Amino acid sequence: MLAVPKRESEEGNGAVRLFGVGGKRADCQESFLDCAWREGKEEIGDVIAQIDSAAQTYLLQGHGTLKAIELSDQLPNPQLIWAKYCHSPHGSMAASNQAYYLVAFNAQLAAQPKPLNEIAALVYLKDKHLAQIHHQPETTLRDLLAMGARVDCQPGSELPLETRFIPHGTVHFMLRQQE
């Protein structure tokens, strides 16, 4: 399950960012785990049953090097810690010149998630769909639906069938894992 930001879906330029569910910590006192719980609830509802420890944690460094790392005192362990230095031109990070870290966890859901707040749609993709997006960037929502993907839009939001997806954040990592 991946997310499409509401603001971009409303711009109607034919392409939207596709990323994992989550967001920024409320403040530096909030743990990454607490942030994951809070952001999940804000973006997909109170449906997270548990956050699982990843079998392996990866560090994706700002210059692109990906390496497996061991965390000794963090449970559950995240799947990914990504040092980001190139900020998106979108959202509150656009004007910043400071590094930040994206931390991604795996989770079990207790119920069907719903796109809430700034999320226009949840897109349900399998590895074959991600591979299609990766190898053929002009792939549209219509193409993915024909391959068995599903989409759940927030009431009042719509993704045109000709929408293309730009891998962002954790989706970049997922594509690298397939290489």
Side-chain angles (χ1 to χ4, degrees), residues 1-11 15-125 130 152 154 157 165-178:
M1 169 188 64
L2 302 168
V4 172
K6 189 169 185 182
R7 181 186 72 256
E8 288 183 37
S9 70
E10 294 168 347
E11 291 173 3
V16 296
R17 290 181 303 151
L18 186 63
F19 55 89
V21 171
K24 296 172 197 67
R25 291 191 303 172
D27 58 53
C28 58
Q29 302 302 312
E30 183 179 42
S31 73
F32 291 125
L33 190 57
D34 288 343
C35 177
W37 282 104
R38 179 184 53 75
E39 284 286 337
K41 187 173 183 176
E42 288 175 7
E43 293 188 0
I44 62 172
D46 194 12
V47 299
I48 298 174
Q50 70 183 42
I51 294 179
D52 296 330
S53 192
Q56 179 63 65
T57 299
Y58 292 91
L59 173 64
L60 182 54
Q61 296 171 330
H63 59 277
T65 302
L66 179 67
K67 67 178 184 176
I69 61 171
E70 296 294 325
L71 299 176
S72 60
D73 62 348
Q74 173 78 30
L75 283 177
N77 289 326
Q79 177 82 29
L80 172 67
I81 300 172
W82 187 355
K84 298 273 292 184
Y85 295 95
C86 297
H87 301 283
S88 164
H90 305 283
S92 63
M93 297 302 289
S96 176
N97 61 2
Q98 296 181 18
Y100 69 102
Y101 291 86
L102 183 149
V103 180
F105 290 94
N106 298 324
Q108 299 289 321
L109 301 179
Q112 180 67 38
K114 295 289 180 195
L116 302 172
N117 298 321
E118 70 267 16
I119 303 301
L122 296 173
V123 183
Y124 298 87
L125 303 176
L130 290 172
D152 182 13
Q154 190 179 121
S157 291
F165 297 103
I166 302 166
H168 186 77
T170 51
V171 177
H172 259 291
F173 169 72
M174 294 165 73
L175 293 176
R176 275 191 80 172
Q177 291 297 97
Q178 291 187 349

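On a predicted model such as this, the values are computed, not experimentally measured, just so you know.
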Side-chain heavy atoms of Leu130 within contact of Pro167, under 4.5 Å
no

Taking side-chain hydrogen bond (donor to acceptor under 3.5 Å, both in side chains) as the test, write out the residues that go with Gln154, two or more places apart.
Lys6

Distance-minimising heavy-atom pair for [X] and [Y]:
X: Ala36; Y: Ile48; answer: O-CD1, 4.3 Å
X: Gln61; Y: Trp82; answer: O-NE1, 4.4 Å
X: Val4; Y: Phe165; answer: CG2-CE2, 3.9 Å
X: Ala68; Y: Gln56; answer: CB-NE2, 3.4 Å
X: Pro78; Y: Ala54; answer: O-CB, 3.6 Å
X: Gly45; Y: Leu116; answer: N-CD1, 3.2 Å

Could you note down all residue pairs passing salt bridge (charged side-chain N to carboxylate O under 4.0 Å, His left out) where residues 26-40 supplies at least one of them, sequence neighbours left out?
Glu30-Arg38, Arg38-Glu42

Can you name the side-chain contact (heavy atoms from CB on, under 4.5 Å) partners of Pro113, sequence neighbours left out?
Met1, Ile44, Val47, Leu109, Leu122, Tyr124

Value for CG (Asn77) from CG (Leu33), rounded to nearest 0.5 Å, stands at 10.5 Å

Can you measure from CD (Gln79) to CD1 (Ile51) and round to the nearest 0.5 angstrom?
13.0 Å

Let me see the working for Ile166 and Leu18 under side chain to side chain contact (heavy atoms under 4.5 Å, CB included), right down to the final yes or no.
CA-CA 6 Å; Ile166 302 166; Leu18 186 63; over 6 Å; no

Walk me through it: do Met174 and Leu2 pass the test side chain to side chain contact (heavy atoms under 4.5 Å, CB included)?
CA-CA 11 Å; Met174 294 165 73; Leu2 302 168; 4.0 Å; yes

So Phe173 and Tyr58, would you call those rings parallel, tilted or perpendicular, with 30° and 60° as cut-offs?
tilted

Between the main-chain N or O of Gln50 and the side-chain N or O of Gln108, is there a donor-acceptor pair closer than 3.5 Å?
no

Any donor-acceptor pair under 3.5 Å from Thr170 side chain to Phe19 backbone
no

When Thr57, Val103, Leu102 are each screened for side-chain contact (heavy atoms from CB on, under 4.5 Å) with Leu80, the one that passes is Leu102

Count the heavy atoms belonging to other residues, nucleotides or ligands that lie under 6.0 Å from CD of Glu70, then report whether that count exceeds 12.
no

